[in-house]
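Each remark here refers to the structure printed beneath this line.
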There are 2 protein chains.
Amino acid sequence: MTRAQDGFAVEAAGALPNPSAVGLVAVIVAATDGEPRALTVRVPGQATGRETGLPAGPLVPEHPTLERGLRAWVERQTQQRLGYVEQLYTFGDRDRQGDDSGGLHSLSVAYLALVREMRSAALAEASWHNWYAFLPWEDWRAGRPATLDGIEAKLLAWAAGASDPKVGRRREDRLGLTFGIGGGAWNEERVLERYELLFEAGLIPEAQGQAGEARVADIATTGRPMAFDHRRVLATAIGRLRGKIKYRPVVFELMPPTFTLFQLQRTVEALSGANLHKQNFRRLVAQQGLVEETDEVTSGAAGRPARLVRFRREVLLERPAPGFRLTPSRRSS
Amino acid sequence: MTRAQDGFAVEAAGALPNPSAVGLVAVIVAATDGEPRALTVRVPGQATGRETGLPAGPLVPEHPTLERGLRAWVERQTQQRLGYVEQLYTFGDRDRQGDDSGGLHSLSVAYLALVREMRSAALAEASWHNWYAFLPWEDWRAGRPATLDGIEAKLLAWAAGASDPKVGRRREDRLGLTFGIGGGAWNEERVLERYELLFEAGLIPEAQGQAGEARVADIATTGRPMAFDHRRVLATAIGRLRGKIKYRPVVFELMPPTFTLFQLQRTVEALSGANLHKQNFRRLVAQQGLVEETDEVTSGAAGRPARLVRFRREVLLERPAPGFRLTPSRRSS
DNA sequence: TCATTTATGCTCAATCTGAGCATTGTGCCG
DNA sequence: CGGCACAATGCTCAGATTGAGCATAAATGA
């Protein structure tokens, strides 16, 4: 069925030459105590011993769809029920893969999953990490991250160090767009673009396959490395999630059955990396009808008890499916 | 390097078992005379002779990235310069692929490309089609598409025909969400969900591999079929594009160097399938600073001549990168 | 009891949106 | 040549949404 015709190589999707190695990678996200967490595993490292990486596995031909395959595979191996699952991106970068298995083009199909509990942390080799450990510049909840000073300096040097001045100017433009250097605003969704920029600028040890050799000083500024190019996958996931919570009620996949509005806000803030105006946040949630009150209230903690609410499942049937608009406030720390 | 450990199959992305056949599919979009078009080719059909399909080809291991590979491949074969290229989705559905090449899992990585001209229509076997020929229910510019009457009736019958009443209710919910049946609103972004629903309901001939045998009556209501599952890919592309134009200035990839505001509006309307309020549209474009005036005006046509404008490339460097908010008006036909 | 802390209610100005009316240039038709 | 039809363009206005803050309520703990 393979056939080239008149300049078009028209191929049946089912019968192609050049078989490739295809893997699945999962970014499994939870939010506990107002911190965003990703499930990681220890993998055999490229350079040194063992490194932190994302759960990954082979594409299993037994399953009818990619997503169902991933779901079954992860749920079986982590005892973790996956609620929301969404395909993220397919990575096929040759020189960015860990290693090239001789001629086979290798692809990784990445998925984002949102889960409620963290029981599987009990599993050996698997553990939850605050995702900002890997991308520390993305957390603005306590104000501008200190690490950005060092990063900006290095990025500016990188831009200035371009041989062609035109290239240098383009680099500076990108610095403005992504990191807001030079009067630009910080757009919390551009997580991947920021990571890519750091990668290109040589600030990411994974770029040279040296994830295992990152110096402590580097980790302090550019974060903890991951095996292969998994930080890129994580960056993709965070960016996607930050965008999605604005127009789809996906945060609730991360919440327990009942919760307070402030817990909800903390979770949204954890994901977006920015603080929100409290009163306006509740107004938004109320207006959209995202939650309904229970007759329980919290107790024990300091301050006035908060009413517990639950997600109104019906909103999934209402249009347009709402989410959260993120409007940062000046509250910090 | 393949290794299972403690419940996690941890695999280096580059060394996986089960090689798969991987293909690339491209949805190449242009907009001419206010109509949205997709580039199609004639492919050897599954059942009957030759069918319409999307340009597709094998993954070429020579290229450093998937996107660069696709770009080079399409540009060479269609003489069509691809401006904007974006990865859409990776399809791996087993039973939805055209045919299964014995044991190999087959994937299609789909891309969306926006182009300006349509020269390659000159190529034999390749031609441009109004994309609503394939998804006629998606075009609301002349009011509610007539085809929806027939579709709704069949969908309601499908929901009512569920053996389990619970399943039936869930189907009805989905009808409301996607097609707005039962008091719901039409959300122009849910193109894929609508297609999937029709597919499940058995209204899409491709579902049984009968794309080539669709009856004329069916084509009138559920649109022209495509080879394999390419209509699903097209639906994905349209949905994505409709979402994207709202927050990124991507429409300009489809416009000639200079154009009138109304031409721009027509293009946005063509993509979104809905009409917009003219004065508000210009206000939006002006406010956002998306275009700058040239000193030329149109002439020859009826009515007052319009000023020609051009896209302000600088907006790509301004934050947050703006797009179009789509607010339908009552103007129709 | 009072200070502290958090939850919750409410106000207000600025801006944004959706809708429509009015005016301005052109080509075209008697 | 005057007037008409037709788009383009300018402008207004009420209602809704946003961003920010003040005020009050209901707990805990010294």
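Values below: all heavy atoms of this structure, side chains included; hydrogens, waters and symmetry mates excluded. Letters A, B, ... are given to chains in the order of the sequence lines, protein chains preceding strands, and every chain is numbered from 1.
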Could you give the [atom1]-to-[atom2] distance, from [X] to [N], as a whole number of Å?
X	N	atom1	atom2	value
A/Arg266	C/dT6	CZ	C1'	11 Å
A/Gln265	C/dT6	CD	P	13 Å
B/Leu284	C/dG18	CG	P	10 Å
A/Leu264	C/dT8	CG	P	12 Å
A/Gln263	C/dT8	CD	P	11 Å
B/Arg282	D/dA7	CZ	P	14 Å
A/His277	C/dG9	NE2	C1'	12 Å
B/Glu296	D/dA8	CD	C1'	17 Å

| query | For the residue pair A/Met255 and A/Thr267, what are the closest heavy atoms and their distance? | reply | SD-OG1, 3.2 Å
| Can you name the side-chain contact (heavy atoms from CB on, under 4.5 Å) partners of B/Arg174, sequence neighbours left out? | B/Trp158, B/Leu197, B/Glu200
| query | Which part of the nucleic acid, if any, lies within reach of B/Gln287 when heavy atoms closer than 4.0 Å are counted: base, sugar-phosphate only, or nothing? | reply | nothing
| NA contact type, A/Arg307, heavy-atom cut-off 4.0 Å: base, sugar-phosphate, or nothing? |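 Sugar-phosphate only.
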| note | With sugar-phosphate taken as primed atoms, P, OP1 and OP2 and all else as base, the protein-contact string of nucleotides 23-30 of chain C at under 4.0 Å (heavy atoms; B, S, -) is -BBBS---
| message | Tell me whether B/Lys278 is salt-bridged to B/Glu269, with the criterion being a basic N under 4.0 Å from an acidic carboxylate O. | response |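 Result for this pair is no, no salt bridge flagged.
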| field | Pairing of B/Arg240 and B/Glu86 as salt bridge, 4.0 angstrom limit | value |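 A salt bridge is present here (some side-chain N lies under 4.0 Å from a carboxylate O).
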| request: Among the candidates C/dA7, D/dA20, D/dG10, find the nucleotide nearest to the side-chain atoms of A/Phe262. | output: C/dA7
| query | Quick one: which of C/dA19, C/dG20, D/dA8 gets closest to the side chain of B/Gln279? | reply | C/dG20
| request: Tell me which of A/Arg283 and A/Thr298 sits closer to the 5' end of DNA chain C, going by the nucleotide each one is nearest to. | output: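 Taking each residue's closest nucleotide, the earlier one in sequence belongs to A/Thr298.
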| task | Return yes when atom CZ of B/Arg144 has more than 12 non-hydrogen atoms of other residues, nucleotides or ligands closer than 6.0 Å, and no otherwise. | result | yes
| said: Is there a side-chain contact between B/Lys278 and the phosphate of D/dA7, meaning an N or O under 4.0 Å from OP1 or OP2? | reply: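 Result: no.
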| said: Tell me every residue that passes ring-ring contact (aromatic ring centres under 6.0 Å, His included) with A/Tyr89, counting only those two or more places apart in sequence or in another chain. | reply: A/Phe91
| query | Would A/Asn130 and A/Asp139 count as a side chain to side chain contact (heavy atoms under 4.5 Å, CB included) if you check the C-alpha gap in whole Å, the side-chain angles of each, and the deciding distance to 0.1 Å? | reply | CA-CA 11 Å; A/Asn130 184 320; A/Asp139 187 3; 5.7 Å; no
